[in-house]
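Working notes, beginning with the structure itself.
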Amino acid sequence: MYAVAVISRKGGTGKTTLAVHLAVAAMLSGFETVLIDLDTQASAAKWFDIRDEEDLSVVSAHATRLKQIMYAAKQHGAEFVVIDTSAKIGDDAEAAVEVVDLALIPCRPSMFDLQAISLTVKVANNASVPAHIVFNCVDPRSIMFQNARQSVEIYDARCVPVLIGDYVAFQYPLLDGRTAQEFDRNSKASSQINALFKYVMRELEELHRGKTT
């Protein structure tokens, strides 16, 4: 079973949007997928409530129950788990990184996000979980993005080579329980999520091969 946590100590970085899109990408790729929502706002769970399809599972839970939920998911045949967390200083991000293969850290190329990212990287590093920074809501032509990428090189985290743009296509489909790749599979938003999922899968497969050798 593959498991990924989406974490950030900064609010507004797009954690839930990224988690939902990643979970749907896994489901569309044929994995039995579970999305675990640890955020007290339960945004991912509310998104699922308005979704017509029941082609993946979404569980709203407290961090103290995470290990039991992960065990139950595996026993019931889950193949890919995505964990969405809150930005609050608490135990949910810490609990999440204890049970996953890698952590994705969404980050906007802004001063406030970059100032906060060290706290998030530390959460993953403390659990010896590979941390991967995903630049979100990006204009790749901007000087700000180039500077942002250079500024995170000091951390023990890898920059994901896939940039996630600032597209309405990421937000609009959520209103009726869909995602960008379900709304328009030919959109730039859909292409970026698919590329991100492929990157994540390559990393996960490499990690799992390392565990078996």
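In this text, all values refer to a predicted model and were calculated from it rather than measured experimentally.
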CD of Gln115: more than 12 outside heavy atoms within 6.0 angstrom?
-> yes
Tell me, yes or no, whether the heavy-atom count around Glu54 atom CD, taken from other residues, nucleotides or ligands under 6.0 Å, exceeds 12.
-> no
Plane angle bin for Phe80 and Phe197 - parallel if under 30°, tilted between 30 and 60°, otherwise perpendicular = tilted
Do [X] and [Y] belong to the same hydrophobic cluster, where Ile, Leu, Val, Met, Phe, Trp and Tyr are linked whenever their side-chain heavy atoms lie under 4.5 Å apart, directly or via other members?
X	Y	value
Tyr71	Val34	no
Phe31	Val6	yes
Leu28	Val82	yes
Val152	Ile154	yes
Val162	Leu18	yes

Strictly by modelled atom types, are Asp37 and Ser60 linked by a side-chain donor-acceptor pair under 3.5 Å?
-> no
Residues Asp92 and Thr85: side-chain donor-acceptor under 3.5 angstrom | no
Could you give the distance from [atom1] ([X]) to [atom2] ([Y]), rounded to the nearest 0.5 Å?
X	Y	atom1	atom2	value
His76	Ser57	NE2	OG	10.0 Å
Ile133	Glu153	CD1	CD	10.0 Å
Gln41	Asp84	CD	CG	10.0 Å
Ile164	Cys107	CD1	SG	13.0 Å
Arg65	Ile36	CZ	CD1	11.5 Å
Ser191	Gln181	OG	CD	10.0 Å

Just by distance, do the side chain of [X] and the backbone of [Y] share a donor-acceptor pair under 3.5 Å?
X	Y	value
Glu32	Glu79	no
Asp101	Ala3	yes
Thr120	Arg9	yes
Glu203	Val200	no

Side chains of [X] and [Y]: does their closest heavy-atom pair fall under 4.5 Å?
X	Y	value
Gln192	Leu163	no
Leu66	Ile83	yes
Leu204	Leu102	yes
Asn136	Thr13	no
Thr33	Leu35	no
Leu207	Tyr2	no
Ser190	Asn186	no
Ile7	Ile105	yes

How far apart are the closest heavy atoms of [X] and [Y], and which atoms are they?
X	Y	result
His208	Met1	CE1-O, 3.5 Å
Ala127	Glu98	CB-OE2, 3.9 Å
Gln68	Thr64	OE1-O, 3.6 Å
Val129	Ala103	CG1-N, 3.7 Å
Asp156	Asn125	O-ND2, 3.3 Å
Pro106	Gly14	CG-C, 4.5 Å

Full working for side-chain contact (heavy atoms from CB on, under 4.5 Å) between Glu182 and Arg51 = CA-CA 12 Å; Glu182 294 173 305; Arg51 183 175 172 84; 2.6 Å; yes
Among Tyr167, Trp47, Phe170, find the one that has a ring pair (Phe, Tyr, Trp, His ring centres under 6.0 Å) with His21.
-> Phe170
Evaluate side-chain contact (heavy atoms from CB on, under 4.5 Å) for Glu205 paired with Arg209, printing each intermediate quantity in order.
-> CA-CA 6 Å; Glu205 288 169 352; Arg209 281 196 297 270; 3.9 Å; yes
Hey, is Lys10 close enough to Asp113 for a salt bridge, meaning N to O under 4.0 Å?
-> yes
Residues Asp91, His62; criterion side-chain contact (heavy atoms from CB on, under 4.5 Å); working and verdict | CA-CA 9 Å; Asp91 58 0; His62 191 275; 4.2 Å; yes
